[in-house]
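Worksheet for the structure shown next.
Chain naming here is simple, since letters A, B, ... match the order of the sequence lines and numbering starts at 1 in each. Bear in mind the structure is a predicted one, so any value in this text is a computation, not a measurement.
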Amino acid sequence: MANYKDLNEALKAKEARERAEQTAHADEGMHLDDVSRVKILSPGRQVTKRFMRNRLAIFGLYVLIIMFVFCFIGPLFYPYGQTEVFYKYDTISVDYALASETTSYTGYTVDEGVELERNVVSMMNTNIKAMEAGSLSEMNVSGSDGTLYGLEKLGEGIYTLSRYDAERLCTVGRTVLHVGLIDTITGEMSYSEGVDLGSAFVSAAAAACSGTEGEFEYGGTTYSFERAAGRRYDIYAANEGITYYAEAPGREFESALEAAIDNGDTMFSIDDPDAEPVLPAEGEEAAEGEEPAEPVVPQIEFDLHLDSDGNYSVYQIGEKHTGMVFTTFSPNMYNAGTSVTDEFRVGTLLSAYTTGEFTADGQDYTVEPDGEGGLLVRDSSGSEYADFTTFVIRRYDGKDTMSYALKSDIREVVAEMDESGEMRASVISQVPQQSADGGYQLDEDGNQILNDTELRITRRDTGEYVINCDQITYLIDLYAKPSAEHILGTDGDGFDVLSRVMYGGRISLMVGFVVVFLEIFLGVIMGGLAGYYGKWVDNLIMRLVDIFYCLPSMPIMIILGALMDALRMNTYVRLMLMMAALGIMGWAGIARMVRGQILSLREQEFMVATEATGIRVKDRIFRHLVPNVMPQLIVIATLNIGGVIITESTLSFLGLGVKHPLATWGTIINSVSSASAMSEYPFIWIPVGLLICFTVIAFNFVGDGLRDAYDPKAKR
Amino acid sequence: MLKYTTKRLLYSAVILIFVMFIIYTLMYSMPTTYLEQKARELASKPGAGKSYDQWLEDLNAQYGMDKGLIAGYFTWVGTALRGEWGESWAWTVPVVEQFNNTVWYSFALGLVTLILQIIIAIPLGISAARRQYGFTDYFTSVVSMICISMPTFFLATLLKYIFSVQLGWLDLSGMQSRDYMYLSDFGKVLDVAEHFIMPAITLTVIGIGSLMRYTRTNMLEVLNSDYIRTARAKGVPEKKVINRHAFRNTLIPLVTTLGGSLTTLFSGALITETLFSIRGIGYASYHSMVQGDIPFTMFYLALISILTLLGNLITDLLYAAVDPRVRLS
């Protein structure tokens, strides 16, 4: 090949020489028959020139360039993404808040360490009602297991629930105690927890136990035994009368106990024998304003509880622990949005009628009744921090996020309504804007954006007040009309249509290219093999082509789409499968064309030359034959892309192609294909439909132009 | 001629067997859960008349879905050859009955469309060829390109928007007006015809593009042939040259292709009928396909395949019949 290279160089040098000569004699003029007057174009340039002359083809080319820039480069500069949801502010009539007088008591945990029985907690409202009816300030209730609970009224609307420490002192009645398990063979005894009667008892028991069950006496007590398994026996001690679990307090206790059982009391007390009588403290005396008290003997209190088996259990009552506080008050924070911790709430409630001071979350607060039936909490600097009222105003979702000003506006109106007995009223107050997630919209400084809004208050039969208003809310911007912000408006998901169109165009065009590439790939291989080998290979492949020609592709694509729908396939997988199916069903035409071309090319001299030079078969087909089919392939590919785009968009339009959230031009039209949407939102589907048309037309024009340019004879 | 026809028929039958095999494979590869789900749905429909097991049994008996692929295929071929196409799942009537109910609507729509296409496209194509590169030529090529490039669904939606929504002249979709039952017989025919207007326009517009181009190309070819030059040289008036010498020769390919497309009158228009709710075979089969109605879908696919093959055969035979220069072998 070196010679050729030299020849090339030589020719180039010669050409340069001639050109120099020509420019030197340029002013001399040219002869009419001068060879250099004839411009010789390379085949490529000839085709280009012919193509350029075709106005429709050039138009198509421009449209395609614009379309590609629009779809592939446009999104890079377009500010919105394809699945970006847009919002707008709009007024919607909402039930904004609910106001009601709280009459039921809600409990808050004071000390998590205090175990409280559920039943007792849930009975609190009933018990408090009972206390209110009887004007009691203290009441004791017992739980199902005999535990004693104390209810105490701290002040108006605040009650505490405490649990008494209680120790089981004794039971009255016949009790059976499991002593232990004895193995009579080995003579070993395993005592139950807390019982140990010594080895003498073991030997006595081992001697006594035989048969299946029986009784024996030891140390004045009767024990019964029962065979557990083999030679092992369970031993029980039965006791009639009082069984102590702790040290017996003495005779005084027993007589008090008997008296209590006789009277049916649930509590009794005896004087504490160990304690000295004490005088009541001076301060308390003054506060309560009682007579100067006599020395009081501290009492030991006992709780008597009737067990389910008919025995009585006696508990010695110890200290009490406050577990929960129940109240009808609800806090209203002066600074809206300040969260109320349980610690703050509990602190307020517990100290409201007593010390008036508490510490919560590391801050000191003071609390005092405000004289209107509520409580006022001030922080350490003395400014008002929160108030507690029984009249509760809450957002409709139950959350306390309303500002204090808004609440007090509503409260005033409700008070007026109560006086006048009206069922409806309205007031204009400042209502904050809402953001997308239902929270409040904040401006740059972090303040809420407030709007003057008419609040309509309606009283319900239940005594609740419903506050309704046209709140300015941040909503998804559905089907927005075209505007400067959204040139083609937004669609039913609040997506910007123009950006959907751009990204959709990417997929539509990509589908076109991929499918056509696949078609050509299969078609060239099959057609090339058939055309080159001829005979049975040709026959076989051509029959295959006949079969694929006959396959109804649109119905098959519809069936595939419905099937993929039923299988709930991932949208990307669907896209791949759809492209593959379209490619497989479209290669037959190309194969037929390639084969026809190759059949005629095969007979030409250059093929004889390739055979003579012994070029490999693979190279003969794919390097010498197929490139000669290139022009026709390019033409057919260009024309096919348009067809594929139409097929794909039709499938997507029917909802059987690409699915949400991916967009293609077909799905965008599909999203507004219902009769009402179609008539309401033409600004979505008309531009997209035109876009499909223009793209397909452009591909067809360019394809036609290329065909005419490659093969001017066909044009005539 | 007879020998050629027989040979082609046999060949078409072989192709058909393979085509149907591919389609059967597609149906066969549907996940069984899908079939079971469909059968369950059918059984729970009011007035189903068959239990879930019966539906599946029928399906297996007819389509051999419980057998291997090849065995199952021949089971189906056997039943199909006996004309037992089974009962449609989506329409709950025998498949053949559903075909009879729908095909004539499709045929009427197709026929109207074909006539309209011929009336519009052929004269335009010929006049474009007569003045190549003239205004008419450019106009027709642009129009035909637009028609070819127009997606059916977009055109249909556009027509609906203009004629139904904006102008309110025609019904959006369907085949009958609300007061159809109170109309006289003639009124009923007119009513249905009115509902066929938009589908017919859609199909015509979609179809004329290619026919126009085809006519133009063929006419150009004929006008460039020697006998036209001879006729002109003889001094035959241009009108006569076009209308007698050229036009008749242009008709040869046109008649053959149009003859071949006659079979498609029976296959209906899948998309257009669906979009306009014309209860033709295309509409019926679209809904069958989407609802997984295997009996009707298989019938429809077999029908289209047969019609396609038959169309090809008719084209070839017509070509020989019309053009004495062509010898069949």
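- A side-chain donor-acceptor contact under 3.5 Å links A:Arg543 and A:Asn539.
- Side chains of A:Tyr549 and B:Asn312: a donor-acceptor N/O pair is absent below 3.5 angstrom, by distance only.
- Within a 6.0 Å sphere centred on OH of B:Tyr11, heavy atoms belonging to other residues, nucleotides or ligands number more than 12.
- The heavy-atom pair separating B:Tyr214 from B:Pro253 by the smallest distance is OH-CB, 3.6 Å.
- When heavy atoms are compared at a cutoff of 4.5 Å, A:Ile547 approaches chain B by way of both its backbone and its side chain.
- Heavy atoms closer than 4.5 Å to chain B are found in the side chain of A:Leu56, but not in its backbone.
- No close placement of the A:Phe70 and A:Phe694 rings is indicated, their centers lying 6.0 Å or farther apart.
- Both the backbone and the side chain of B:Ser305 have a heavy atom closer than 4.5 Å to some heavy atom of chain A.
- Side-chain atoms of B:Thr102 and B:Gln98 include no donor-acceptor pair closer than 3.5 Å.
- Contact of B:Ile15 with chain A is made through backbone and side chain together, with heavy-atom distances under 4.5 Å.
- B:Ser164 does not touch chain A: none of its heavy atoms, backbone or side chain, sits under 4.5 Å away.
- Both the backbone and the side chain of B:Ile148 come within less than 4.5 Å of a heavy atom in chain A.
- Paired with A:Thr664 under the rule side chain to side chain donor-acceptor pair (under 3.5 Å), one option of A:Lys659, A:Arg500, A:Glu648 passes, and it is A:Glu648.
- Residue A:Asp565: no heavy atom, backbone or side chain, is found under 4.5 Å from chain B.
- Of the residues considered (B:Ile304, B:Leu270, B:Thr308, B:Thr157), B:Thr157 shows the highest number of contacts with chain A, using heavy-atom pairs under 4.5 Å.
- Of the inter-residue distances, the one linking A:Met557 atom CE with A:Leu577 atom CG reads 9.0 Å to the nearest 0.5 angstrom.
- The candidate from A:Asn670, A:Val688, A:Leu560, A:Leu690 with the greatest count of non-hydrogen atom pairs under 4.5 Å with chain B is A:Leu690.
- In this structure, no portion of B:Leu16 lies under 4.5 Å from any heavy atom of chain A.
- The contact between B:Ile146 and chain A is made by backbone and side chain atoms together, counting heavy-atom distances below 4.5 Å.
- No part of A:Ile645 comes within reach of chain B, as not one of its non-hydrogen atoms sits under 4.5 angstrom from that chain.
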